[in-house]
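Read the structure below first, then the notes.
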Amino acid sequence: MATNPLIEIRNGRVGKATSLRALKLNPYPSKSARTHYAKAILDDFAAQEGKTVTVAGRLMSWRKQGALAFGHVQDQTGRIQLFMRRNLVQPTNPETGGLGYAEFNLLDMGDIVEATGKVIKTERGEISILLDTMRLLTKAIRPLPDQWSGLKDREQVLRKRYLDTTLERPPFERFAAISKMISAIRGFLIGRGFLEFNTPAIQPQYGGGTAKPFKTHVNALGCEMYLAISHELYLKRLIVAGYDKVFTIGRYFRNEGVDRSHHPEFSMVETMAAYENYEYNMNLIEDMFRHIATTVFGKTEFKVGTHTVDFSKPWLRISMADVVLEKTGVDFRTLSSVQEANDKLTALGIHELQPSIGEAMVKAFEEKVEKELIQPTLVFGHPIEISPLAKPMAHDPRYVERFEIFIAGMECGDNWSEQNDPVTLLETWRKSYKAEERDAGKFHTLDFDFIEALEFGMPPTTGIGPGIERMAMIFTEQENIDDVIFFPLMKPALSHMNASIYGIHEPSLAPVEDLALSSDEFESLCRDGALKPHDKNLTVKPHLRLWTVAGQPRLSGHVEIEGFLANSVLRLAGCKINANAALPEEELKKAVAASLELSLVVFLKKTFPACHLTLSPPTLMKNG
RNA sequence: GCCUCGGUAGCUCAGUUGGUUAGAGCAGUUGACUCUUAAUCAAUUGGUCGAAGGUUCGAAUCCUUCCCGGGGCACCA
C-alpha cells in the first residue's frame, strides 16, 4: 500500500534498522564515545592532526565515489568532513557497533552517527576524519527537507523549528544567543545582589492591568484559577518577607491578540528592589542592557528595522510632559480642564475624547511620540490616572514616579515606585472595581490577600519588568516575535500524511471544543437556538459498532456531525436507529441510513433550512 | 473579529485564457566511479493540486463555504 514517496522512504529506513538488528547492530544504542566537537578539531588542526578522535552528530552528506566516500557530520558546533577509504574501514563488529564498508548502504542522510578516525587534511585541503569506525547512534526514519533550499514554508518553519535549526545556522545561533541572554540577565542581577524566586503561574486572582487572562480549573482544589498575567504582587510579598532585592523570570499569559510584537505566552524579568525608588531602576536597566549587549553579543549597535539602536551612549531621560511638549508643542501641565485638553487633541488630529487631562496627554504621547523614540529612552512622570499602583511625585502629585523604556518605537519595559500605602491602594482598587463593574465584562476581583500583606508594611520599593522577547528581538535584530520564540503558539494540525502513517482515520486533532450530546439534548438545544451550525454544509456521519454477545449480534453507534463546531465534530449518542443487527452488512448500512434519513436528517432540514445536508454512508466497526 | 495574500511530490518551485495522461530540481531507488564538497553520469519510482460542495462536455485553474498559515487593521501593554 506504500504508494506515497514519504511512506516508501520511511518504510525503507525502518527496514534498514531491521537489517542492522539482524547483524546484531543496535540502531538506537544508549551512549556515544564522543571525544571532540567538530569545532575543536577545526580550530586546532595543528595540535589535532594525526590524532585519533571520535565525533558524533547528524550525517548531513554522503558522497560515494567508488571505494572512496566523503560525508559531513554536523554537531552543535558545526560540521566536519569524514573521509572514507574502503580498505581502511574496520569490518562490521557487533562488539564495537562499527559498520563495515558493506553496511554503509544502511546509513541514510539525517542519521545520527559517530565516527572515529585520524585527523587529516584531504588533497583539496579540508580538515577531515579518516574513517576507521562508523557507528550508527540513531536511525532517522524521516528524510530531512532539501538542504540547499532549507525549509521555506513559514508555517513549517514555525511548526517544525527543529528542522529549520538543523538546516540553517542563523536561527540555530539565534536561539542559543537568546538562551545566553537570559543567563546574562540572571548573572547581572545576581551580581547586583538580587535573589531569584519562582512565583506561581497559576494564580487565584489576576492582578495587574486589564489584560484578559486564560482561565483554568484546578481539579485538586475544585476551583477556577488563572494563568499569570503578572507576577508583581508575589514579588512584593517577597519584599514584605524581608528580602531586599528579588527577581523572577516569569511566564506571562494574556488571552489577547497576536501580532508581530505580541504573543499570548511571553516572559519578563521582573525585579523588585526595596529602599529604592524609580531612579535606581533607571540606572539598573541601562546597565543591564549594556551588559547584555557587550557580554553576549559583543557589540553595542543593533539594527532594528531601518534604524540603528546604540546602547553605548547614556539613555535619554525625559518626562512625558516634556517629550509631548517637544514633539507636539502642547504643554499639558498648563491645562486646567478636560475640555481644554480634548481641544488640544483635536487640534493634533486625534478625535477620541479622553476623560481626563492626564489620559489626554497619554493619548497624545501614544499617537504622536512613541513611534519616534528610536534610541533607548526612559520616559518618566506618567499621569496618576493611568498608574494606580505607583507613588505620586513629591513635587507634583498629578504625576507619578514611573518610567517606561522605549527602544525603536517599541515599549520594552515598565517601572514605578510601588504604592505601599495599603489604605490608599485599597481605595484606588475599589474605585476601579466600581468603574469596571459598570463597564460590563471587565470585572476584576481584588487581591485582598495582597492588601493584607501590605498592611504588615512593605518598605519603599521599586520594580521593573522588561520583556524578554522584546529584548531578544532587539539584540538578535528580528522584527517578528515568532523568530525569538522557539515554539510559537499554533493551532494544532495533523497532516493527511501523518494521519495515514499513524493510522488515524479521523483527523479531528486535539479538539478545540469537543461536545458529545444525547440525541434528545441536541434537538432541544437546537430548538432553543443555543446550538447552531458553524458551517452551511453539514455532514452527518453514522458510526456503527457491531458486537457479538453470546453469539447474538448487537448494534450500537453514534453519529458525528461535521459543520456544527468550528474545529471539531459534534458527537450524538442515542440516535434512533431502527435496524436489525442480524442483517448482512450492506443491508444493515442501508437500513441505518434510511432510519437516520427519517429522524435526524428530517429534524436538521426542518430546523436549519439554510444548510446543505450530506448523509455519509455508515462506517462499520466490528468488535469481539 | 475585519481586510488581504498564500497552500501543487518528503523539500524547493513551474503550471499561460478552463483543454490531452499535472511538470522540473533536490531527496529516494538501481547501477558506474579511488580526493569529493549543491560531486558527476545513466536509469527509475513518486501527486486525495489544503478540504468539501458547485458551475462546465472538461477544473490545480472559475464560484461558495470551511481548514491552516503569512501580512495588515482592530482589541490589548
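All heavy atoms count here, side chains included; hydrogens, waters and symmetry mates do not. In what follows, every chain begins at residue 1, and chains take the letters A, B, ... in the order their sequences are listed.
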Are the charged groups of [X] and [Y] less than 4.0 angstrom apart, N to O?
X: Asp108(A); Y: Lys139(A); value: yes
X: Asp414(A); Y: Arg402(A); value: yes
X: Arg161(A); Y: Asp483(A); value: yes

>> I'd like the C1' distance from A22(B) over to U64(B), given in whole Å.
In response: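 Per the computed distance, 25 Å lies between those C1' atoms.
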> Can you check whether Phe475(A) and Phe289(A) have ring centres sitting under 6.0 Å from each other?
Replying inline: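 Yes.
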Check whether any side-chain N or O of [X] sits under 3.5 Å from a backbone N or O of [Y] as a donor-acceptor pair, and report yes or no.
X: Arg470(A); Y: Ser261(A); value: yes
X: Ser319(A); Y: Phe380(A); value: no
X: Arg10(A); Y: Arg142(A); value: no

With respect to the phosphate group of [N], does any side-chain polar atom (N or O) of [X] fall under 4.0 Å of OP1 or OP2?
X: Lys160(A); N: G69(B); value: no
X: Arg86(A); N: U34(B); value: no
X: Asn4(A); N: G10(B); value: yes
X: Lys152(A); N: U12(B); value: no
X: Gln65(A); N: C33(B); value: no

> Which sits closer to the 5' end of RNA chain B, Arg159(A) or Gly66(A), going by the nucleotide each is nearest to?
Replying inline: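 The answer here is Gly66(A).
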> Gln147(A) or Glu411(A): which one's nearest nucleotide on RNA chain B is closer to the 5' end?
Replying inline: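 Between the two, 5'-proximity favours Gln147(A).
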In terms of side-chain heavy atoms of [X], which of [options] is nearest?
X: Pro5(A); options: C35(B), G47(B), G69(B); value: G47(B)
X: Asn480(A); options: U34(B), C11(B), G71(B); value: G71(B)
X: Trp148(A); options: A38(B), C35(B), G71(B); value: A38(B)
X: Asp108(A); options: U34(B), U12(B), U29(B); value: U29(B)
X: Asp259(A); options: C75(B), A27(B), U34(B); value: C75(B)
X: His496(A); options: G69(B), G71(B), A51(B); value: A51(B)
X: Leu6(A); options: C33(B), G10(B), C26(B); value: G10(B)

>> Pairs counted only when both distances fall under 3.5 Å, Watson-Crick or G-U: show me the 5' to 3' dot-bracket for RNA chain B, [ ] for pseudoknotted crossings and | for other-strand partners.
In response: (((((((..((((.....[...)))).(((((.......))))).....(((((..]....))))))))))))....
Assign [X] to base, sugar-phosphate, or nothing according to its heavy-atom contacts below 4.0 angstrom with the strands shown.
X: Arg63(A); value: base
X: Asp153(A); value: sugar-phosphate
X: Gln156(A); value: nothing
X: Gly467(A); value: nothing
X: Asn498(A); value: nothing
X: Asp482(A); value: sugar-phosphate
X: Leu144(A); value: nothing

> Ignoring hydrogens and angles, does a donor from either the side chain of Arg10(A) or the base of A27(B) sit under 3.5 Å from an acceptor on the other?
Replying inline: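 Answer no: no donor N or O sits under 3.5 Å from an acceptor.
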>> What I want to check is whether an N or O donor and acceptor connect the side chain of Glu404(A) with the base of A77(B) at under 3.5 Å.
In response: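 Under the 3.5 Å cut-off, the side chain and the base do form a donor-acceptor pair.
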> Which is it for Glu401(A) and Trp416(A) under the side chain to side chain contact (heavy atoms under 4.5 Å, CB included) test, yes or no, and what are the steps along the way?
Replying inline: CA-CA 6 Å; Glu401(A) 293 195 357; Trp416(A) 52 77; 5.9 Å; no
> Where does the angle between the aromatic ring planes of Trp62(A) and Phe104(A) fall among parallel (under 30°), tilted (30 to 60°) and perpendicular (over 60°)?
Replying inline: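 If you compare the ring of Trp62(A) with that of Phe104(A), the planes turn out perpendicular.
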